[in-house]
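Here's the structure, in structure tokens; my notes come after.
Only a predicted model underlies this, so the values are computations on that prediction, with no experimental measurement involved. Within every chain, numbering begins at 1; the chains are lettered A, B, ... in the order of the sequence lines, protein sequences first and strands thereafter.
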Amino acid sequence: MRDSDTDDAVSAALLPWYDRHARALPWRVGPEALADGERPDPYRVWLSEIMLQQTTVAAVKEYFHRFTARWPTVTALAAAQDAEVMAEWAGLGYYARARNLLKCARAVAADHGGIFPDTEDGLRTLPGIGPYTAAAVAAIAFDRPAGVMDGNVERVLARLFAVQTPLPAAKPELKALAERLTPGMRPGCYAQAVMDLGATVCTPRSPACGICPLITLCRARALGIAADLPRKTPKQAKPTRLGIVYLARRADGAVLLETRPDRGLLGGMLGWPGTDWAETAPQDNPPVPARWHDAGVEVRHTFTHFHLRLRVLLAEVTLDATPDRGAFHPRATFRPASLPTVMRKAWDVAAGAWREH
DNA sequence: GATGCGTGGAC
DNA sequence: TGTCCAAGCAT
């Protein structure tokens with residue numbers, strides 16, 4: 001039904017566009033170096049791809065710089081402490097990525113001599129590397145003709161071929177298209193070209209069809225439905241959950257924090273002791289007996305699947321206070337930036353209240 | 001296949 | 001304000 005001439009026309013139109021418009025990004029090597037046969041560092045490609053999962057380039061850049069400055073190689077990262085890595089990842093979200101990042105670095109160091117596997121199948125066996133990331137690293141770092149499929153590619157291909165099936169049901173069909181369109185020449189550039197196109201031209205809302213290199217090939221454009229694709233099955237509304245966090249400040253300035261369990265929400269991250277978060281009013285459950293008082297300002301935060309409204313309770317405790325959970329962290333070494341964002345918001349409320357007195 | 005898992009920016 | 005969305009993965 002779709003002939004290979006059309007397939008070739010896609011990469012033939014996209015690669016020159018990419019050569020002109022490719023963004024200079026910290027994990028990319030320049031076009032001249034690439035033309036000389038130089039390849040990007042697989043460690044940097046892998047690290048960037050993990051950070052970019054469901055995350056924008058703008059949000060990733062600073063984190064990428066900090067990680068590569070602190071841990072320049074996969075071997076260096078493998079030797080890092082868990083808490084160091086989690087603290088450095090704080091604020092970026094999806095914290096299972098950070099836990100798997102470290103597992104993956106240690107597996108590469110221990111089982112692969114510090115060298116990343118250079119095939120899609122080899123990469124796929126590593127923690128945190130799924131179908132997308134295996135294909136992306138294989139294509140970008142090792143120039144393998146892997147069919148890269150992410151949200152951008154889904155959108156670009158759904159429009160290019162006017163796929164009307166809603167996501168996620170359309171994924172197999174789109175994956176097959178992605179495999180077939182991937183060219184044998186410069187597959188790494190091609191993969192990045194499709195994703196760049198999706199990020200900058202073939203955007204979810206108001207696609208810039210007027211400057212699109214694929215405009216003459218695009219069926220959705222011809223039908224006048226580009227902005228309506230891809231179709232998606234509607235999502236469930238988010239419920240609102242309620243909770244309480246307890247911020248205890250000791251007489252020497254130390255603050256009471258606990259490391260959350262490795263699995264689940266904010267797994268492995270530091271946080272303030274608190275109640276469960278549920279749709280019913282929380283049961284008061286302070287970590288240490290004290291004169292707790294309400295900070296008066298609620299923290300509001302939205303996670304992937306629920307809204308949260310958090311009461312913030314504050315207390316000053318004495319040097320001999322013995323909490324039933326968590327541990328005091330000296331104020332000199334405690335960095336609010338090492339907290340996940342919802343916990344940092346609670347800190348901001350407490351710090352404001354304490355500054356008043 | 002469905003669900004759980006963060007965050008910040010655009011509109 | 002709310003909603004949608006981003007270079008997904010694990011279970």
**OP:** Keeping to residues at least two apart or across chains, list the ring pair (Phe, Tyr, Trp, His ring centres under 6.0 Å) pairs with something in residues 193-235 of chain A.
**Re:** none

**OP:** Share the residues that join V29(A) in a hydrophobic cluster, the rule being Ile, Leu, Val, Met, Phe, Trp or Tyr side chains under 4.5 Å apart at the heavy-atom level.
**Re:** L34(A)

Subject >> Residue pairs, two or more places apart or on separate chains, that pass ring pair (Phe, Tyr, Trp, His ring centres under 6.0 Å) and touch residues 97-148 of chain A >> reply: W46(A)-F116(A)

Subject >> Pairs involving residues 17-30 of chain A, ordered by first then second residue, that meet salt bridge (Lys or Arg N to Asp or Glu O under 4.0 Å) (sequence neighbours left out) >> reply: D19(A)-R186(A), R23(A)-D196(A), R28(A)-D196(A)

Subject >> Residue whose closest nucleotide on DNA chain B lies nearer the 5' end, R205(A) versus A96(A) >> reply: A96(A)

**OP:** Please list all pairs passing the side chain to side chain donor-acceptor pair (under 3.5 Å) test where one or both residues lie in residues 154-164 of chain A, with sequence neighbours left out.
**Re:** N152(A)-R155(A), E154(A)-K171(A), Q164(A)-R231(A)

Original post:
Taking only residues two or more places apart in sequence, or in another chain, which ones meet T133(A) in a side chain to side chain contact (heavy atoms under 4.5 Å, CB included)?
Top reply: E49(A), I50(A), Q53(A), I129(A), V137(A)

Original post:
Which parts of residues 15-30 of chain A get close to DNA chain B, meaning a heavy atom less than 4.0 angstrom away?
Top reply: none

**OP:** Can you sort out which residues in residues 298-309 of chain A have a heavy atom within less than 4.0 Å of DNA chain B? Ascending by number, please.
**Re:** H301(A), T302(A), F303(A), T304(A), H305(A)

Close N/O contacts between protein and nucleotides 9-11 of chain C (under 3.5 Å):
unit_1	atom_1	unit_2	atom_2	d
dC9(C)	OP1	G130(A)	N	2.8
dC9(C)	OP1	G130(A)	O	3.4
dC9(C)	OP1	T133(A)	N	3.0
dC9(C)	OP1	T133(A)	OG1	2.8
dC9(C)	OP2	P131(A)	N	3.4
dC9(C)	OP2	Y132(A)	N	3.2
dA10(C)	OP1	G128(A)	N	2.5

**OP:** Using a cut-off of strictly less than 4.0 Å between a heavy atom of the residue and any atom of DNA chain B, enumerate the qualifying residues of residues 60-68 of chain A by number.
**Re:** none

Quiz: residues 277-288 of chain A side-chain donor-acceptor pairs under 3.5 angstrom, not counting sequence neighbours:
unit_1	atom_1	unit_2	atom_2	d
D284(A)	OD1	Y246(A)	OH	2.5

Original post:
Just the endpoints, please: which first and last nucleotides of DNA chain B, 5' to 3', lie under 4.0 Å from a heavy atom of chain A?
Top reply: dG4(B) to dA10(B)

